[in-house]
Asks: 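One structure follows; several queries about it will come next.
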Protein chains: 2
Amino acid sequence: MKKKATIYDIARELNITVSTVSRALNNFSTISEATKKAVFETAKKLNYSPNRLASSLKSGKTYTIGVIIPSMEVHFFAVVIHSIEQVLKNNGYRILLYQSNESVENEINGVKTLLEAQVDGIIASMSLETEDTSHFQTLIKQNKPLVLFDRVDKSLNVSTVTLDDFKAGYLAAQHLIQQGYKNIAFVTTIHQNSIFGNRVKGYKAALIDHQLEIKEHHIIYGGLSIKDGRYGADKLMREQDRPDAIIAGDDYTALGVIKKLKELDLSPPQIGVIGFANETFSAFITPNLSTIDQQASKVGYECAQGFMKMIASENPYEVVEHTVIEPLVIVRQSTSK
Amino acid sequence: MKKKATIYDIARELNITVSTVSRALNNFSTISEATKKAVFETAKKLNYSPNRLASSLKSGKTYTIGVIIPSMEVHFFAVVIHSIEQVLKNNGYRILLYQSNESVENEINGVKTLLEAQVDGIIASMSLETEDTSHFQTLIKQNKPLVLFDRVDKSLNVSTVTLDDFKAGYLAAQHLIQQGYKNIAFVTTIHQNSIFGNRVKGYKAALIDHQLEIKEHHIIYGGLSIKDGRYGADKLMREQDRPDAIIAGDDYTALGVIKKLKELDLSPPQIGVIGFANETFSAFITPNLSTIDQQASKVGYECAQGFMKMIASENPYEVVEHTVIEPLVIVRQSTSK
DNA sequence: TTGAAAGCGCTAACAA
DNA sequence: TTGTTAGCGCTTTCAA
């Protein structure tokens, strides 16, 4: 295997200098057409492929951007990344991927690794464990763009793309009310996270706006899973004051709720059920599940746009933006009384 | 924003040379403990972060590997990448991500881009469009590891990780037969792809092994989707010689089959239905769907292992391996007569 | 145990 | 329009 061709080989072949070759390859206007043509032909002949490492080392720009997410296995993140990669690829950027697996330690390590790889910036969604965000400060200090999405730290002055979780909760409750449900419960997580907290707040606001009573005992704090959904539904249905609709913290929990309700012969939409996330399965279960869609593609798109805007500015942190994505109510059988 | 510290800054600070600093940072044994300690302390003090670009340029190794897949939106690929990243991260490698979106042109461009970024190798799954694989030959010529998974080109002498599709088809049919079904149809794609072809072959082999007749009119060639499933089921149920079980080309198609069967009041397991892929929703639909699992995590793990083996060898193409992943029958209600 | 210096492949300021 | 040359940050051979 012979060594790969460099611009030196092209230069030697044509009896010109490397700077001329470099300028030709980069389409400088100060190069004669003849030379340019000769250079490209020779490049092709020698099977020349540029070594971006070298130019990056020189220019300080790698056209590579780091993306840190909790896990690729979560469909939401996979779709966001799909979308980010599409947009950034078209702008000449590559994606260096790092999964934190919901561990701060990994996340810190991710930032370090990506920075050593000299990425031009980072797009990230924080791990659930993350509280101290000083590792992200490094980016800011280096004046490199940082865009946070979904799980963000509001105290950081960086661009963010988030869902309007308050509105998501509000819309879920409002939809149920409009369908005629009057006694609406909420099965959510005990986890301290503004996302879930804001949904509950939105839910409460909707109740108030529609002159419905807020019943704290109708808000079940547990986990988010099929099992937790079953548990929550069971507990709620045993109440004297039985709710006629349940909002579940996510679609898996909603699925658990539905399963339990079917067992109790209270299959939705008899008791209304709505979830959050619009997981793939939600459209296919019986009864199929109404849910709040988070528009993952749009989140990814906005992240990429925000990033491009920052990278294009010589002072990225002067063009910080906070994009809020609107939740979408997806109406299906489980709430169609 | 002051410039980032380099080994020169450390050297100057300590009145030693960069070579000593370099050796200290890389834990060479020929360095005195005192010096080493001083270097690390100064590095920390100056907030030193190594520039991997520079060392890569020198060494020719980037510890970055390219991964090309059709789309992150397909859950199978997302899980495979999850797994690849986990393993390779622990071996000090980073993942450069590229989506082909089922376009050869993009795929070719991906190889080019990744090669210019000087990746140490590539792990890829081909686009459905890809027929000519000469773009992958480039890797081989450069003696850089290439691992292909799922959608592979057998004529290429590279490491591969594939599902045993023949066996997948065989197991699906065998399972149905063991459940007591005797007249088994297949709804699959017309697409020319060994994956789907081999499943049909396995299906036929199972029928033969169990003295069942192969009926070509019971093999419906169309697309793979909910709609195609509905269409196939409808067509099959109108037959004089009505099948009592249907194998669907993937879980979406199976879902369509089930929907149509329910409409016809022939809900599984009355008519047995089994799919391929074990999509998330399959466990949650009613009746829940028996399916053949493709072990995406394992596929990713094996890709990473195969890659590590090749990269560790000074002649990667002497340790080429062909790993075949066993399909798993997931038994659920839709085939439990 | 440490230093001096060349070089990885490319860019760009300066000169011609 | 093209050439000369220094340098990006690091590694490594050779010498001391």
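What you see below is based on every heavy atom in this structure, not just the backbone, and it leaves out hydrogens, waters and symmetry mates. A, B, ... follow the sequence lines: proteins, then strands. Residue 1 opens every chain.
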Asks: Could you tell me the separation between the CZ atom of A:R52 and the C1' atom of D:dC8, rounded to a whole number of Å?
Replies: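 For the pair A:R52 CZ and D:dC8 C1', the rounded distance is 17 Å.
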
Asks: Within the structure, does a side-chain N or O atom of B:T17 lie under 4.0 Å from either OP1 or OP2 of C:dG3?
Replies: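 So the side chain of B:T17 is within the cut-off, an N or O lying under 4.0 Å from OP1 or OP2 of C:dG3.
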
Asks: Nearest whole Å is fine: how far is D:dC10 P from B:R12 CZ?
Replies: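 Rounding to the nearest Å, CZ of B:R12 and P of D:dC10 are 12 Å apart.
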
Asks: Check the distance between D:dG9's P and B:D9's CG and give it to me in whole angstrom.
Replies: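 Result: 9 Å.
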
Asks: Considering just the side-chain nitrogens and oxygens of B:S22, establish if one lies under 4.0 Å of OP1 or OP2 belonging to D:dT11.
Replies: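 B:S22 to D:dT11 OP1/OP2: side-chain N or O found under 4.0 Å.
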
Asks: Rounded to the Å, how far apart are B:I10 CD1 and C:dG3 C1'?
Replies: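 Those two atoms, CD1 and C1', are 17 Å apart.
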
Asks: Select base, sugar-phosphate, or nothing to describe what B:L53 touches, counting heavy atoms under 4.0 Å on all strands.
Replies: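 It contacts nothing in the nucleic acid.
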
Asks: Taking NZ in A:K298 as the centre, count heavy atoms belonging to other residues, nucleotides or ligands within less than 6.0 Å. Is the count above 12?
Replies: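 Atom NZ in A:K298 is not crowded, with 12 or fewer foreign heavy atoms closer than 6.0 Å.
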
Asks: Picking from C:dT11, D:dG9, C:dT2, which would you name as closest to the side chain of A:S55?
Replies: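 Looking only at heavy atoms from C-beta outward on A:S55, the closest nucleotide is C:dT11.
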
Asks: Figure out the NZ/P separation between A:K58 and C:dA13, and round it to whole Å.
Replies: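 The answer, rounded to whole Å, is 8 Å.
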
Asks: With a sphere of 6.0 Å drawn around NZ of A:K61, does it hold more than 12 non-hydrogen atoms of other residues, nucleotides or ligands?
Replies: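 Correct, the count exceeds 12.
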
Asks: C:dT2, OP1 or OP2 - any side-chain N/O from B:S32 closer than 4.0 Å?
Replies: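 Checking B:S32 against C:dT2: at least one side-chain N or O falls below 4.0 Å of OP1 or OP2.
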
Asks: On DNA chain C, compare the nucleotides closest to A:A54 and B:V18; which residue's is nearer the 5' end?
Replies: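 Checking each residue's closest nucleotide, the 5'-ward one belongs to B:V18.
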
Asks: Between B:E41 and B:K37, does a salt bridge (Lys or Arg N to Asp or Glu O under 4.0 Å) hold up when you go through it step by step?
Replies: CA-CA 6 Å; B:E41 275 167 5; B:K37 186 153 166 279; 3.6 Å; yes

Asks: Calculate the interatomic distance between A:E116 atom CD and D:dG9 atom P; express it in whole Å.
Replies: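 Between P of D:dG9 and CD of A:E116: 15 Å.
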
Asks: Surrounding CD of A:E129 (heavy atoms of other residues, nucleotides or ligands, distance under 6.0 Å), is the total greater than 12?
Replies: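 Check passes, neighbour count above 12.
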
Asks: Does any N or O in the side chain of B:N91 come within less than 3.5 Å of the main-chain N or O of B:Y93, such that one atom is a donor and the other an acceptor?
Replies: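 No; judged by distance alone, with no hydrogens or angles, the pair does not exist.
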
Asks: Is the phosphate of D:dG3 approached by A:T20 (side-chain N or O, under 4.0 Å from OP1 or OP2)?
Replies: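 A:T20 to D:dG3 OP1/OP2: side-chain N or O found under 4.0 Å.
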
Asks: Using a cut-off of 4.0 Å on non-hydrogen atoms, how would the nucleic acid contact of B:L57 be classed: base, sugar-phosphate, or nothing?
Replies: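 Base contact.
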
Asks: Between atom NZ in B:K4 and atom P in D:dC8, what is the gap in whole Å?
Replies: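 Going from NZ in B:K4 over to P in D:dC8 covers 14 Å.
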
Asks: Determine whether a donor-acceptor pair (one donor, one acceptor, N or O, separation below 3.5 Å) exists between the side chain of A:R23 and the base of D:dG3.
Replies: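 Indeed, a donor on one side and an acceptor on the other fall under 3.5 Å apart.
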
Asks: OP1 or OP2 of C:dG7 less than 4.0 angstrom from a side-chain nitrogen or oxygen of A:Y8, does that happen here?
Replies: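 No, no such contact exists.
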
Asks: Does the ring of A:Y98 carry B:K89 above it, NZ/CZ under 6.0 angstrom from centre and within 45° of its axis?
Replies: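 Satisfied, under 6.0 Å and within 45°.
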
Asks: Let's see if you can work this out: which of D:dG9, C:dT2, D:dT12 has an atom nearest to the side-chain heavy atoms of B:S19?
Replies: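 Closest of the options to the side chain of B:S19: D:dT12.
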
Asks: Does a side-chain N or O of B:T35 approach OP1 or OP2 of C:dT2 to a distance below 4.0 Å, or not?
Replies: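 Looking at the OP1 and OP2 atoms of C:dT2, one of them is under 4.0 Å from a side-chain N or O of B:T35.
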
Asks: At under 4.0 Å between heavy atoms, what does B:T6 touch on the DNA or RNA strands: base, sugar-phosphate, or nothing?
Replies: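 Sugar-phosphate contact only.
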
Asks: Output yes when at least one side-chain N/O atom of B:N26 is less than 4.0 Å from OP1 or OP2 of D:dT11, else no.
Replies: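 Yes, within the criterion.
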
Asks: Taking CD1 from A:I7 and P from D:dT2, how many angstroms apart are they, rounded to a whole number?
Replies: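 About 15 Å, once rounded to whole Å.
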
